[in-house]
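One structure is given here, and the rest of the page talks about it.
Lettering follows sequence order; numbering is per chain, from 1.
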2 protein chains.
Amino acid sequence: MAKNCRFTVATHICAVIALAPERAVTSDDAAGSVNTNPVVARRILAALARAGLVSSQRGPSGGYRLALSPQEIDLAAIARAIDGAEGPVFAPHAPNPVCPVGRGIQPLLTEIVRRADGARLAELAKTRLSDIVARLAPPSSG
Amino acid sequence: MAKNCRFTVATHICAVIALAPERAVTSDDAAGSVNTNPVVARRILAALARAGLVSSQRGPSGGYRLALSPQEIDLAAIARAIDGAEGPVFAPHAPNPVCPVGRGIQPLLTEIVRRADGARLAELAKTRLSDIVARLAPPSSG
DNA sequence: TTAATTCGTAACCAACTAGGTTGCGAGAAA
DNA sequence: TTTCTCGCAACCTAGTTGGTTACGAATTAA
């Protein structure tokens, strides 16, 4: 599926957790809101936990809580947690070093792709989890 | 592999074509510079042709030429040609409509992802194919 | 007309990613 | 001890991508 999907599911789950600060959210709860399987939710949550965005607790009354406040979590942090380490731009293609284009284009495009990804993350960083939560539960919008 | 790979290969091939304006570049030529198979190059070139960036000619002395000048082709156009139509952000997940988060988050995240992709393309649009070519063959840099 | 060249594309395979599912061990609370 | 919950491995399916072979269609040239 689209790589967007893991990101949107992760953000969705973070919003669910943020909206229930008084309790731990189980992978069953999260999966129910996202409409997927608890194991899939746990796989996403494991990536968020590795990035330090959520913490987990096993056993009865266990589940997941935010490790930072919703104001401290922006969507770029979630995207980075989900996407993992950036791989080399050119795998598996080593351009032909005999060709002048093959020789010179790799550093050019590596830098360009890096800047493009940076622009995407900068845009995502403009929105914090607290903004998402506020727009989901607008203050007295009725 | 990384989706970056198709984009970098496409840009690489466009640069090869731009550097040989006096002749048509065959899929064999392009594949040789990229270090891949002619059929793979033709698949990339088919996407570029559908987007109107290159034109093709069959038969002896045939091959590919740019359909626009290198100044008129920016890297966002190449990325759009390669990525194809943008799919729905949420496939295959329809969030649970019973959950308040599932109900409200879809339009929020659709807009956010759209803006993030737009920021990436805007960054790519800053570089034109002519810029790539100029940096590959710097004017009297020795 | 015939031959050679080149693209267009289908078919198949391998590798990788992702989601879905089952199962089970580890940790924690009642 | 029992129950709940995460952590994680294992397996399946589906989709994307690259690599390869093959062949038809278009074009050029002899």
Q. Between A:G62 and A:R50, which has a closest nucleotide on DNA chain D that is more 5'?
A. A:G62
Q. Are OP1 or OP2 of D:dG18 and a side-chain N or O of B:N37 less than 4.0 angstrom apart?
A. no
Q: Please determine if a side-chain N or O atom of A:T36 lies less than 4.0 Å away from the OP1 or OP2 oxygen of C:dG20.
A: yes
Q: Would you tell me if any nitrogen or oxygen in the side chain of A:Q57 comes within less than 4.0 Å of OP1 or OP2 on D:dC4?
A: no
Q.
Is the phosphate of C:dC7 approached by B:R42 (side-chain N or O, under 4.0 Å from OP1 or OP2)?
A. yes
**Q.** Separation of atom CG in B:N35 from atom P in D:dT20, rounded to whole Å
**A.** 11 Å
Q. Taking only N and O in the side chain of A:T26, is any of them less than 4.0 Å away from OP1 or OP2 of D:dT5?
A. no
Q.
Looking at C:dG8, I'd like to know if its phosphate oxygens (OP1 or OP2) sit under 4.0 Å from a side-chain N or O belonging to B:S56.
A. yes
Q. OG1 of A:T8 to CG of A:L75: how many Å apart, nearest 0.5 Å?
A. 11.0 Å
(Q) Can you tell me if B:R6 touches the phosphate of D:dG18, counting only side-chain N or O atoms and a distance under 4.0 Å to OP1 or OP2? (A) yes
Q: Before giving the answer on side chain to side chain contact (heavy atoms under 4.5 Å, CB included), spell out for A:R65 and A:V54 the whole-Å C-alpha distance, their side-chain angles and the decisive distance to 0.1 Å.
A: CA-CA 6 Å; A:R65 293 172 187 276; A:V54 305; over 6 Å; no
(Q) What is the separation between atom CZ on B:R58 and atom C1' on D:dG24, rounded to the nearest whole Å? (A) 9 Å
Q) Can a donor-acceptor pair under 3.5 Å be found between the side-chain atoms of A:R43 and the base atoms of D:dG7? A) no
Q. Considering all heavy atoms of both residues, which atom of A:V25 and which atom of A:I17 are nearest to each other, and what is their separation?
A. CG2-CA, 3.9 Å
